[in-house]
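For the numbers below, each heavy atom of this structure counts, side chains included, while hydrogens, waters and symmetry mates do not. So that the names make sense, note that chain A is the first sequence line, chain B the second, and so on, each numbered from 1. Note that the coordinates shown come from a computational prediction; the quantities given were computed from them, not determined experimentally.
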Number of protein chains: 2
Amino acid sequence: MARTGRRPGASGTRDAILASARRRFAEDGYRGATIRAIAGDAGVDPALVHHYFGTKQELFGTVLDLPASPGDLVDRLAAAEAHEVGRRVIETFLEVWDEPTRRERMKILLRTAMVDETAARMIRGFVVESLLAPVAARLGAGDAPLRATLVASQLVGFAFVRYLLELEPLASASHEQVVAAYAPTLQRYLTGPLDGAGSS
Amino acid sequence: MARTGRRPGASGTRDAILASARRRFAEDGYRGATIRAIAGDAGVDPALVHHYFGTKQELFGTVLDLPASPGDLVDRLAAAEAHEVGRRVIETFLEVWDEPTRRERMKILLRTAMVDETAARMIRGFVVESLLAPVAARLGAGDAPLRATLVASQLVGFAFVRYLLELEPLASASHEQVVAAYAPTLQRYLTGPLDGAGSS
């Protein structure tokens, strides 16, 4: 209760920046939130934000408690053999959701995004523009934005049915079953024909 | 304001049954809600519920304001050429969402299902058990329940990205683009190999 009079140290500054970042991302969306504004809210120099958290992508990754920074994820996915990228995407997605604490956080985020427009804006720009579209673009797809939204539509639906609705038998399906079911879908969305060839 | 003293006529009875049905489906879920309980709440004989609304499936279809009764939908989808059922499913889904008033109703239902466990139970049992699983079963798939949940995962994710998030370019994609993108996915989930054959 008593004020110690100590100035906030490194961890205090770090926490203040994180709190500002959470608020700015929620209020302004991923694109609208600037490092300058986040730094301003925390009362620090923008350079200090970069010093502690790296790029805006990396800061956002920290806010979401991602297992790897978005840039790393993009590199990792894009580094996969082109014909295996669908498998890598669903494996990475399962990995993100597997850790219990992170899963609870992701569930809250997904649930919030589904009813709250600001939360939706926050993850929308990030997931599609910073993660999925770069992956599709590096794979050389001309229509990367459409492909990115197709991938997003399958991943979010999968997460909803498996983790939020807990609808059986998908909720208890093994990683192997999940990967076998979704890898070919994601592979086609990222690199395959979208003009109806292969359909019917 | 003045009471007319008229006994409720057919439309009053019909409305009372519908109101009870909405409440029961929401509280007890699709499986838990019985025609007997719905009739009891409305103070009518169960036979009258059947008289006005047909089967429980059909009553639920009316509550949701579906464009066709679920039984009809199952028949229609199962009657498609086996290799065209994926296309029929996404075409039917687009049709359900196309009509503006119905779209608003579906958006509310979807949004509610995403945060509210009772609403989720209400549509979960219905969509998967009464609609998708029978279609998969009629197509002769041994693992119909898993296939039904895979289809549900793609349809709900598509609806979320296109109609709730309105994420571009998927939000403005033409019916033709949507069908070309999703028909092969749904086709494989319903009739194709799920053991990883065709992947990588």
Side-chain angles (χ1 to χ4, degrees), chain A residues 81 83-84 86-87 110-117 120-121 123-125 127-128 143 145-150 152-162 164-171 173 176-189 192-200, chain B residues 81 83-84 86-87 110-117 120-121 123-125 127-128 143 145-150 152-162 164-171 173 176-189 192-200:
Chain A
E81 294 281 328
H83 67 279
E84 286 202 330
R87 173 176 300 269
L110 185 58
R111 232 180 254 276
T112 310
M114 292 192 165
V115 286
D116 180 76
E117 180 55 29
R121 269 166 48 214
I123 59 165
R124 184 187 337 195
V127 173
V128 172
D143 42 6
L146 177 62
R147 291 176 183 276
T149 51
L150 292 173
S153 80
Q154 181 56 94
L155 293 179
V156 76
F158 166 67
F160 177 64
V161 169
R162 181 174 171 101
L164 264 58
L165 272 189
E166 298 182 356
L167 193 55
E168 296 295 355
L170 187 55
E176 198 185 350
Q177 282 181 299
V178 168
V179 170
Y182 289 112
T185 299
L186 300 172
Q187 184 68 42
R188 191 172 62 82
Y189 291 167
L194 296 180
D195 55 0
S199 133
S200 87
Chain B
E81 295 280 330
H83 67 278
E84 284 202 332
R87 172 176 301 271
L110 185 58
R111 231 180 254 276
T112 309
M114 293 194 163
V115 286
D116 181 77
E117 180 55 27
R121 270 165 47 213
I123 59 165
R124 182 188 334 195
V127 173
V128 171
D143 42 4
L146 177 61
R147 291 176 182 277
T149 50
L150 291 173
S153 80
Q154 180 57 94
L155 292 179
V156 76
F158 165 68
F160 177 64
V161 169
R162 181 173 169 102
L164 264 55
L165 273 189
E166 298 182 358
L167 193 55
E168 296 294 357
L170 187 55
E176 199 184 350
Q177 284 180 297
V178 169
V179 170
Y182 290 111
T185 299
L186 300 173
Q187 183 69 42
R188 190 171 63 82
Y189 291 166
L194 295 181
D195 55 1
S199 136
S200 86

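Of the residues considered (A/A159, A/S153, A/A152, A/P145), A/S153 shows the highest number of contacts with chain B, using heavy-atom pairs under 4.5 Å. The greatest number of non-hydrogen atom pairs below 4.5 Å with chain B, out of A/L167, A/T149, A/V161, A/D143, is found for A/T149.
When all heavy atoms of A/Q187 and A/G86 are compared, the pair lying nearest together is OE1-N, 2.9 Å.
With sequence neighbours left out, the ring-ring contact (aromatic ring centres under 6.0 Å, His included) criterion links A/Y182 to A/F158, B/Y189. The side chain to side chain contact (heavy atoms under 4.5 Å, CB included) check on B/E176 picks up B/S174, with sequence neighbours excluded.
With a 4.5 angstrom heavy-atom cutoff, A/E81 does not touch chain B via any of its atoms.
We find the CG-CG distance between B/L150 and B/L194 to be 6.0 Å, quoted to the nearest 0.5 Å.
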